[in-house]
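Structure record follows, encoded as structure tokens.
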Number of protein chains: 2
Amino acid sequence: MSRAADIAYAEIRGLILSGQAPPGTRLKEEELAARCGVSRTPVRDALRRLEGELYVVRNGSGMQVADWRAEDVEELFALRSMVEAHAAARAATRIDAEALEELRAINARLEAAIARPSADIQAFLEANRAFHARILAAAASPRLPAILSLLVEQPVVRRTAQRYGRDALERSAAEHAELVRALAAHDPEWARAVMTGHIRRAYHAFVDASGSDPARAT
Amino acid sequence: MSRAADIAYAEIRGLILSGQAPPGTRLKEEELAARCGVSRTPVRDALRRLEGELYVVRNGSGMQVADWRAEDVEELFALRSMVEAHAAARAATRIDAEALEELRAINARLEAAIARPSADIQAFLEANRAFHARILAAAASPRLPAILSLLVEQPVVRRTAQRYGRDALERSAAEHAELVRALAAHDPEWARAVMTGHIRRAYHAFVDASGSDPARAT
DNA sequence: CTGAGCCTCTCTGTATACAGAAACGGTCGC
DNA sequence: GCGACCGTTTCTGTATACAGAGAGGCTCAG
């Protein structure tokens with residue numbers, strides 16, 4: 001795709017996700033343009049994309065960083081578990097041997113990342129993302145990726161994972177393995193159930209983590 | 001919001017939904033700009049929005065009208081029933097008396113529209129849209145509207161409704177009434193069940209309609 | 001001292017101009 | 001006659017210029 005518009009998109013998204021632009025921050029096109037070293041036009045493009053992904057919201061004229069913390073986190077996880085479970089069920093009826101092998105390889109990477117004495121959270125997150133993305137691809141439904149991009153806030157995933165103890169990390173890996181078995185059996189309801197549990201466990205991990213971290217409490 | 005960008009959005013969306021721009025059509029910015037009487041800038045904005053809503057897709061450089069007909073229609077309805085049922089369940093726990101009264105009023109309009117000797121499909125569609133929108137609002141979940149906008153293709157709704165016989169129209173009204181009862185009882189599972197059935201019945205109506213309409217068969 | 005009105009200033013929305021890339025057609029060589 | 005290469009044309013991406021709306025501050029009157 002385009003060069004400048006992608007730079008702007010990545011930069012602004014980074015500002016939001018890193019917390020440098022906290023929720024409620026007014027995003028001024030000119031200021032962002034200067035920061036990205038591009039003109040206002042690609043910045044506008046980037047802001048439209050981010051608006052569609054609900055990272056920013058309009059208030060009157062003018063964009064500001066959306067406050068996802070004010071949202072009902074349980075609702076977010078409920079929607080995500082519903083949609084990802086659906087994706088898993090659909091994938092179960094369509095997945096082929098090659099994709100299953102890829103999933104096993106990805107989960108092997110994930111296990112390797114947490115096997116080290118000090119678990120490599122970054123590698124875990126990357127493998128986890130790849131695992132879910134691969135299942136999404138196997139579901140082969142054009143609209144599912146767009147929907148999930150509205151529901152999966154990477155900061156939430158990261159915060160959740162960073163609070164995982166070793167046992168929780170290992171449980172994640174085990175659930176992934178279980179998911180692969182369900183997919184290999186082409187059993188949609190099994191896959192749905194495992195994925196639902198997987199996401200809902202992540203939800204409770206997130207809530208526990210938030211509760212024990214006063215700075216992050218909403 | 002802005003004037004020209006909305007004009008462009010409505011115009012282009014209209015072109016797509018009316019079939020004047022069939023799937024696969026290359027959408028040229030300059031051409032659209034001339035057609036809408038605005039410059040390319042608001043047209044670009046409109047195209048970004050439509051891209052986010054999956055009405056158009058990029059291929060390389062250049063946008064073209066997405067081919068939703070190639071999509072798995074059952075999958076679309078499955079997702080929609082899942083999400084709308086969720087919205088109904090959530091609304092059931094939150095709805096207040098005022099909103100319930102509004103829903104009853106809207107459904108009364110709907111019943112009036114189909115009571116006439118020759119049912120007023122246009123009024124039916126409008127009331128139906130308002131009914132679902134009101135429940136969505138009662139669910140009070142910021143992301144649900146964005147998700148549903150990805151799933152509800154108005155041409156599908158219209159084609160389904162136009163094929164409804166009087167009995168199907170009356171069943172729709174009756175299901176709406178049942179939904180209001182479930183919401184009034186603040187019973188999320190009841191509301192979820194009724195909404196699921198409501199959408200799934202619409203799915204079968206759509207399939208039957210498509211099957212009996214060779215020109216529309218995918 | 002407070003409130004209202006006006007003025008200014010900034011920011012967005014829109015239009016236009018320019019550059020680069022990709023597609024199309026024509027022509028030349030084989 | 002067919003294929004490949006090159007030129008042209010067109011379209012998108014980007015930058016900039018301008019106008020209108022809105023917010024904020026300042027001043028003046030009560």
Side-chain angles (χ1 to χ4, degrees), chain A residues 1-16 19-68 70 142 146 149, chain B residues 1-16 19-68 142 145-146 149:
Chain A
M1 200 216 255
S2 47
R3 200 182 81 261
D6 286 336
I7 292 172
Y9 175 80
E11 174 74 18
I12 300 169
R13 191 167 180 273
L15 283 179
I16 296 172
Q20 286 181 259
T25 306
R26 172 100 185 257
L27 294 169
K28 294 170 217 169
E29 296 179 355
E30 233 162 340
E31 190 181 309
L32 295 168
R35 180 172 196 122
C36 304
V38 300
S39 84
R40 273 180 55 209
T41 309
V43 168
R44 283 177 69 81
D45 269 18
L47 284 176
R48 299 296 172 161
R49 278 172 67 187
L50 291 164
E51 184 190 7
E53 291 165 0
L54 302 186
Y55 282 103
V56 305
V57 295
R58 319 180 73 91
N59 77 342
S61 65
M63 302 279 212
Q64 61 183 46
V65 179
D67 190 2
W68 64 266
S149 78
Chain B
M1 201 214 254
S2 46
R3 201 183 80 259
D6 287 335
I7 292 172
Y9 175 80
E11 175 74 20
I12 300 169
R13 192 167 179 271
L15 283 178
I16 296 172
Q20 285 180 260
T25 306
R26 172 101 183 255
L27 294 169
K28 295 171 217 168
E29 296 179 355
E30 231 161 343
E31 190 180 309
L32 295 169
R35 180 172 195 122
C36 304
V38 300
S39 84
R40 274 180 55 211
T41 310
V43 169
R44 284 177 67 82
D45 268 17
L47 285 175
R48 299 297 171 155
R49 279 172 67 185
L50 291 163
E51 184 190 8
E53 290 165 2
L54 303 187
Y55 282 103
V56 305
V57 294
R58 319 180 71 91
N59 78 338
S61 66
M63 303 279 212
Q64 61 183 45
V65 179
D67 190 1
W68 64 267
S149 78

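A straight line from OH of A:Y9 to P of D:dG13 spans 17 Å, rounded to a whole angstrom. Remark: P of C:dA22 and CZ of A:R3 are 13 Å apart, rounded to the nearest angstrom. Between A:Q64 atom CD and C:dT12 atom P the separation is 12 Å, expressed in whole Å. Between the CG atom of B:D45 and the P atom of D:dT14 there is a distance of 14 Å, rounded to whole Å. D:dT12 atom P lies 17 Å from atom CG of A:D6, rounded to whole Å. The separation between A:N59 atom CG and D:dG22 atom C1' is 12 Å, rounded to whole Å. The distance between atom CZ of B:R58 and atom P of C:dA22, rounded to the nearest whole Å, is 13 Å. In this structure, CE of B:M63 is placed 9 Å from P of D:dT12, rounded to the nearest angstrom.
Listed here is the closest heavy atom pair of A:V57 and A:A66: CG1-CB, 3.9 Å.
Under the 4.5 Å side-chain criterion, counting only non-hydrogen atoms from C-beta, A:E11 is not in contact with A:L32. Here the side chains of A:L27 and A:V43 are not in contact, with every heavy-atom distance at 4.5 Å or above. Put simply, the side chain of A:L15 reaches to within 4.5 Å of the side chain of A:R35, judged on heavy atoms.
Between B:R13 and B:D6 there is no salt bridge, since no side-chain nitrogen of the basic residue lies less than 4.0 Å from a carboxylate oxygen of the acidic one.
Rounded to the nearest 0.5 Å, atoms CG (B:L47) and NZ (B:K28) are 13.5 Å apart. Distance check, rounded to the nearest 0.5 Å: OH of B:Y9 to SG of B:C36 gives 13.0 Å.
The base of D:dA15 is paired with the side chain of A:T41 by a donor and an acceptor separated by under 3.5 Å. The base of D:dG13 is paired with the side chain of B:R40 by a donor and an acceptor separated by under 3.5 Å.
Closest to the A:S39 side chain, of the nucleotides C:dG13, D:dA15, C:dA15, is D:dA15.
The stretch residues 23-35 of chain A has no heavy atom under 4.0 angstrom from DNA chain D at all.
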